[in-house]
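Below you'll find the structure, written out as structure tokens, and then a few comments.
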Protein chains: 2
Amino acid sequence: MPGARKRTAALDQVLELVVLLGEDMGRALERDGLTKSRAPLVWELQQHGPRTQKALSDALGTTPRNVTGLVDGLVATGFVTRGPHPSDRRATLVSLTDHGAEVMARMAEAYDDFATQLFGGMTARELDGFVAGLGSVLDVLRQHLGDSGE
Amino acid sequence: MPGARKRTAALDQVLELVVLLGEDMGRALERDGLTKSRAPLVWELQQHGPRTQKALSDALGTTPRNVTGLVDGLVATGFVTRGPHPSDRRATLVSLTDHGAEVMARMAEAYDDFATQLFGGMTARELDGFVAGLGSVLDVLRQHLGDSGE
DNA sequence: TATTGTTATACTCTATAACTATA
DNA sequence: TATAGTTATAGAGTATAACAATA
């Protein structure tokens with residue numbers, strides 16, 4: 001079965017992509033004063049507006065205790081603020097500051113530029129083929145994750 | 001420029017791949033008693049045989065102090081042992097235990113199986129196209145990382 | 001009773017700096 | 001002097017458990 005070596009070589013490449021992308025994103029976030037753990041929280045706020053910490057903990061798939069720490073850090077660095085919930089006095093609403101919103105807007109632009117850099121050299125046909133392959137890999141991966149655990 | 005949206009959608013997919021693959025690998029490692037940080041160290045030992053901590057710190061791109069901690073954890077969980085260096089009494093040689101070697105051998109098999117699961121559904125032609133696309137993305141990414149920093 | 005977010009505690013990973021034993 | 005690996009210290013991120021305030 002001569003395809004077997006090709007497949008492991010492909011997986012090697014995918015893993016290299018994961019590593020390099022992690023480095024690149026890490027650097028970009030650091031430049032903006034964010035970390036890999038805090039960025040998803042801020043992203044969630046940009047996408048859905050002010051959220052309670054409970055909602056954030058559900059969205060990020062982490063514990064409420066952890067969200068407390070992440071929000072603490074983001075408050076200290078000026079990305080978000082804590083405010084009262086209008087109808088539930090137990091809850092706190094986490095909102096983006098102006099600075100946080102600015103950084104996220106810049107990041108969204110950089111994201112588009114980055115996508116163009118990565119894929120701009122491909123023809124439309126090549127890009128379609130690549131995306132289709134990626135889609136089928138993702139399907140298998142989702143199924144694989146569903147099989148074990150959850 | 002109608003391709004722009006396709007490109008960001010492709011980057012979205014790549015990032016989802018990164019997340020899902022991270023989850024999957026994390027689970028697999030946990031099943032074997034390893035962590036994401038310790039696995040590369042054990043992998044390095046399997047590839048190149050016993051190494052000094054200095055060599056490991058260079059290979060992993062981390063500090064000597066950090067390697068001390070990682071090796072401590074791997075000794076405690078039975079994956080590696082510390083031994084004297086034959087010619088340099090300052091250095092310690094880190095080696096795989098039988099258990100560590102067994103786990104790594106099993107992991108290498110699982111890696112091949114996983115690659116077959118991920119890419120087995122593609123035709124040879126589709127796989128070639130996907131790998132070529134991945135290669136060009138990696139090239140751009142490497143250049144992007146070289147530009148800023150280092 | 002149940003939920004929200006906190007404090008208390010602990011563990012992993014990472015880093016810098018000072019130090020010991022060797023080279 | 002320089003190198004290998006340690007202790008000391010610090011900070012981020014993650015988790016569980018107990019608890020206070022509120023629902």
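Numbers restart at 1 for each chain; the letters A, B, ... are given by sequence-line order, proteins then strands.
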Provide, to the nearest angstrom, the distance between the CG atom belonging to A:D72 and the P atom belonging to D:dT14.
-> 14 Å
In terms of heavy-atom contacts, B:G26 and B:K36 come closest through CA-CE, 4.0 Å
B:R38 CZ to C:dT12 C1': how many Å, rounded?
-> 7 Å
When you measure from every atom of DNA chain C, which of residues 78-89 of chain A have a heavy atom less than 4.0 Å away?
-> A:R82
Please figure out whether A:R90 or A:T68 has its closest DNA chain C nucleotide nearer the 5' end.
-> A:R90
Euclidean distance, B:D58 CG relative to B:Q53 CD, rounded to 0.5 Å = 12.0 Å
Hey, which sits more toward the 5' end of DNA chain D by its nearest nucleotide, A:S37 or A:R65?
-> A:S37
Is it the case that more than 12 heavy atoms not belonging to A:E30 sit under 6.0 Å from its CD atom?
-> no
For A:F79 and A:H99, which heavy atoms make the closest approach, and how far apart are they?
-> CZ-CE1, 3.9 Å
Heavy-atom contacts under 4.0 Å between residues 45-63 of chain B and DNA chain D, which residues?
-> B:T52, B:Q53, B:K54
Are OP1 or OP2 of C:dT12 and a side-chain N or O of B:T35 less than 4.0 angstrom apart?
-> no
Between B:L29 (CG) and C:dT12 (C1'), how many Å, whole number?
-> 14 Å
Closest heavy-atom pair and its distance - B:D24, B:F114 | OD1-CZ, 3.8 Å
To the nearest Å, give me how far apart CD (B:E30) and P (D:dA15) are.
-> 11 Å
Specify the closest pair of heavy atoms between B:V75 and B:T81, including all atoms of both residues, with the distance to one decimal.
-> CG2-CA, 4.5 Å
Options C:dC13, D:dT7, D:dG13, nucleotide nearest the side-chain atoms of B:N66 | C:dC13
Nearest heavy-atom approach of B:F130 to A:L134 is CE1-N, 3.6 Å
DNA chain D nearest-nucleotide lookup for B:L93 and A:G69: closer to the 5′ end is B:L93
Decide salt bridge (charged side-chain N to carboxylate O under 4.0 Å, His left out) for A:R125 and A:D128; before the verdict, give the C-alpha distance in whole Å, the side-chain angles of both, and the deciding distance to 0.1 Å.
-> CA-CA 5 Å; A:R125 191 197 169 93; A:D128 285 345; over 6 Å; no
For A:H85, all residues meeting ring pair (Phe, Tyr, Trp, His ring centres under 6.0 Å), sequence neighbours excluded | none
